[in-house]
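Here's the structure, in structure tokens; my notes come after.
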Amino acid sequence: ILLVFIGLALSSVTHEMQNSKIAAYTGVALFGFSFIIPIVSFFKFSEYKQSIFEEEKSFMKNDLKHEKFKHDVHDYKEYFQSMKDVMEGQCKLYKIVGDEFGAECR
């Protein structure tokens with residue numbers, strides 16, 4: 001945004017104010033350049049967004065290769081652990097380490 005205003009200010013310098021038109025041409029160049037920056041940023045963002053989309057597609061494709069859990073066929077104990085089993089395992093760890101947080105396990 002700053003480049004737009006600087007470019008407009010420099011391009012409004014007349015030949016009578018200064019014996020050269022260099023400031024005016026520089027202002028026009030800055031004004032034009034200020035519109036190129038957002039266009040380049042848009043294309044970079046589009047490329048980045050596409051790379052994320054491709055990554056997500058490959059992740060989903062790899063996920064389809066895994067066997068799905070069938071609740072009517074599989075035994076849940078092969079795939080999941082009950083909270084009781086988790087807590088018993090944690091109590092065993094506390095007893096080995098000797099942590100003060102394992103007091104409720106005794």
Side-chain angles (χ1 to χ4, degrees):
I1 294 175
L2 189 62
L3 284 176
V4 172
F5 291 115
I6 291 173
L8 287 173
L10 285 175
S11 63
S12 66
V13 174
T14 61
H15 184 66
E16 290 80 26
M17 293 172 68
Q18 192 177 14
N19 289 336
S20 174
K21 292 187 178 184
I22 294 175
Y25 289 137
T26 305
V28 170
L30 278 175
F31 184 71
F33 182 70
S34 68
F35 291 106
I36 292 174
I37 294 172
I39 292 170
V40 169
S41 297
F42 169 75
F43 286 119
K44 285 184 178 181
F45 173 75
S46 297
E47 183 180 316
Y48 177 69
K49 187 173 77 169
Q50 187 66 27
S51 72
I52 291 175
F53 182 70
E54 293 296 325
E55 216 173 275
E56 184 178 321
K57 274 176 54 177
S58 71
F59 177 76
M60 294 300 286
K61 189 182 288 186
N62 288 338
D63 195 37
L64 292 175
K65 294 177 185 175
H66 297 293
E67 182 181 345
K68 301 293 185 216
F69 178 75
K70 298 176 185 168
H71 62 87
D72 55 343
V73 176
H74 292 108
D75 183 17
Y76 78 95
K77 291 182 181 179
E78 296 175 8
Y79 295 92
F80 305 106
Q81 223 179 4
S82 69
M83 196 63 201
K84 178 184 171 192
D85 294 338
V86 171
M87 290 305 292
E88 285 175 356
Q90 189 175 13
C91 285
K92 289 178 188 174
L93 178 65
Y94 283 142
K95 288 176 184 174
I96 292 170
V97 174
D99 196 350
E100 68 271 3
F101 295 112
E104 66 268 4
C105 294
R106 296 183 187 133

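- In the hydrophobic clustering, where aliphatic and aromatic side chains (Ile, Leu, Val, Met, Phe, Trp, Tyr) are joined below 4.5 Å either directly or transitively, Phe5 groups with Ile1.
- Closest approach of Pro38 to Ser34, counting heavy atoms only: CD-O, 3.1 Å.
- Taking the side-chain hydrogen bond (donor to acceptor under 3.5 Å, both in side chains) definition, one finds that Gln50 meets it with Glu54, sequence neighbours left out.
- Listed by chain and number, the hydrophobic cluster partners of Ile39 are Phe42, Phe43, where partners are ILVMFWY side chains within reach of under 4.5 Å, directly or through others.
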Under 3.5 Å, which donor-acceptor pairs link side chains of residues 21-30 to any protein atom two or more places apart or in another chain?
from, atom 1, to, atom 2, distance (Å)
Thr26, OG1, Ile22, O, 2.7

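- Counting heavy-atom neighbours within 6.0 Å of Leu2 CG, excluding the residue itself, gives a total of 12 or less.
- With Leu8 as reference, Val4 is the one residue of Val4, Leu10, Ile6 to meet the side chain to side chain contact (heavy atoms under 4.5 Å, CB included) rule.
- Residues that satisfy the side-chain contact (heavy atoms from CB on, under 4.5 Å) test with Tyr48, not counting sequence neighbours, are Ser51, Ile52.
- Residues forming a ring-ring contact (aromatic ring centres under 6.0 Å, His included) with Phe35 (at least two apart in sequence, or on another chain): Phe31.
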